Protein chains: 2
Amino acid sequence: MARTREFDERQALNAAMLVFWEKGYQATSIQDLEQAMGLRRTSIYNAFGNKRGIFECVLACYKESIMSVLFARLDTAPDIRTGVRRLLEGALDIHFDDKYPGGCLVVLSVLESGQHTAASNDATAQMIHDLRAGLASRLGKAKRLGELPQHVDASSMATAIAGMMAGMMVLGKAHFTRAALNKSVRQVLRLLD
Amino acid sequence: MARTREFDERQALNAAMLVFWEKGYQATSIQDLEQAMGLRRTSIYNAFGNKRGIFECVLACYKESIMSVLFARLDTAPDIRTGVRRLLEGALDIHFDDKYPGGCLVVLSVLESGQHTAASNDATAQMIHDLRAGLASRLGKAKRLGELPQHVDASSMATAIAGMMAGMMVLGKAHFTRAALNKSVRQVLRLLD
DNA sequence: GTAATATTATACCAAATGGTACATATTCAC
DNA sequence: GTGAATATGTACCATTTGGTATAATATTAC
């Protein structure tokens, strides 16, 4: 018994996500968001409360549309080496995809933690910890399946791979070539031999 | 034949560096800088021109006081494994040092490249490329000295180590423990065997 | 001492910031 | 159709932003 929303929330959040991703949190103004989302600020505030609220929804959007795709690449691969390779190359795909601003919103936001609420910081840190945990789990499974030597430490290996993934996003932002980053992926895979 | 400056430029820039490092560029206001540097904005503008000018000097300050110390740890080590270990652990030392805000100003600024001038972006990207180049050079030397197998690709190995270094700063900001990060350093060192 | 020059302090400004009051429009239950 | 409830549009606000005009102050060469 009320007026219906005229915009698609998912689409609007996706547009907002791209702006935060490119400019950073504080450097993104409400005016920027109005233009990108194609909405007046009143509609934005009505839907998301305030700027912090927008960002929290954007983080959830990023988790769904970006992180989960990468996770799937790891989980659905036939073996651990293929899985790790697809995970890291998937991150590179996203970085070099013209649809996105390059780098990673989570990495950016973790570095910009001084700008965010505790809730947002918890969310971003959790996404990284989930990545590490997913890797650790997959590596443990690989050990049980005999895909990896028993002496491999799944936990620290997972941390290293997660770190490498974040680091490659940084190098990408510093204009490292795709070829160079692809080669560094191969170096990481050597750890699994 | 003019009034002398009452503040120490190095000290002032160090204070400004800490603020940019913690809050990010756009999120750092001139008022923040006035308080941290202990100066009125007129003195700041007189010395550095504008906010972008301050930041460019801060980057130079970071390069001198932070990056060069890490480079030295790599260059003065007795062998390549010790050098890489000291480089990565040195980065962790800085991250966990209470004197600093955690993470890395260069990594942050590269991620925030949408906020910076081309000059600043060139400077930060160059610092990362210099790191990689320094590593590649040292790895090449290690090969010639027989410290490393000849099949090691110094170039892609350098990229991977530089990436890992940046990535560990990200993980540190996401509250990974020192113990966990130390273990991931050991994983990276396995690449050199 | 004086002139020239650079630094500092006071006070200020236009523009942009995040956010909101309020009127209007649209939907659905009845 | 009517009323309740939510969405949107217009216009606005206090605060903060980066930056500056100007006057006062200190330094050194002469």
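Predicted model, so just to flag it, every value in this text is computed and none were measured. The figures that follow rest on heavy atoms only: side chains count, while hydrogens, waters and symmetry mates do not. Lettering follows sequence order; numbering is per chain, from 1.
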Specify the separation, in whole Å, of atom [atom1] of [X] and atom [atom2] of [N].
| X | N | atom1 | atom2 | answer |
| --- | --- | --- | --- | --- |
| B/K51 | C/dA15 | NZ | P | 19 Å |
| B/H116 | D/dG18 | NE2 | P | 13 Å |
| B/Y45 | C/dC13 | OH | P | 17 Å |
| A/L39 | D/dT10 | CG | P | 14 Å |
| B/E34 | D/dT20 | CD | P | 14 Å |
| B/I44 | D/dG19 | CD1 | P | 11 Å |
| A/F48 | C/dG19 | CZ | P | 14 Å |
| B/Q115 | D/dG18 | CD | P | 12 Å |

Within the structure, does a side-chain N or O atom of B/S43 lie under 4.0 Å from either OP1 or OP2 of C/dT8? yes

Hey, is the side chain of B/N46 poking within less than 4.0 Å of OP1 or OP2 on C/dT7, counting only N and O atoms? yes

Look at [X] together with [Y] and state whether they make a salt bridge at an N to O cut-off of under 4.0 Å.
| X | Y | value |
| --- | --- | --- |
| A/D93 | A/R178 | yes |
| B/K99 | B/D97 | yes |
| A/D153 | A/K143 | no |

So which one's nearest nucleotide on DNA chain D is more toward 5', B/E6 or A/E6? A/E6

Side chain of B/R52 only, please: which of D/dG19, D/dT8, C/dT5 is the nearest? D/dG19

Between N or O atoms, less than 3.5 Å apart, protein on one side and nucleotides 11-16 of chain D on the other: list the pairs.
none

What residues form a side-chain contact (heavy atoms from CB on, under 4.5 Å) with B/A77, not counting sequence neighbours? B/T82, B/R86

Given B/D32, which partner from the list B/K51, B/K23, B/R41 fulfils the salt bridge (Lys or Arg N to Asp or Glu O under 4.0 Å) test? B/K23

Interatomic spacing from CD in B/E112 to CG in A/L111 - rounded to 0.5 Å: 8.0 Å

Using only modelled atom types and a 3.5 angstrom limit, is any donor from either the side chain of B/R3 or the base of C/dA6 paired with an acceptor on the other? no

Does any N or O donor sit under 3.5 Å from an N or O acceptor when you compare the side chain of B/R40 with the base of C/dA9? no

Which residue, A/Y62, A/Y100, A/F55, forms the ring pair (Phe, Tyr, Trp, His ring centres under 6.0 Å) with A/F20? A/F55

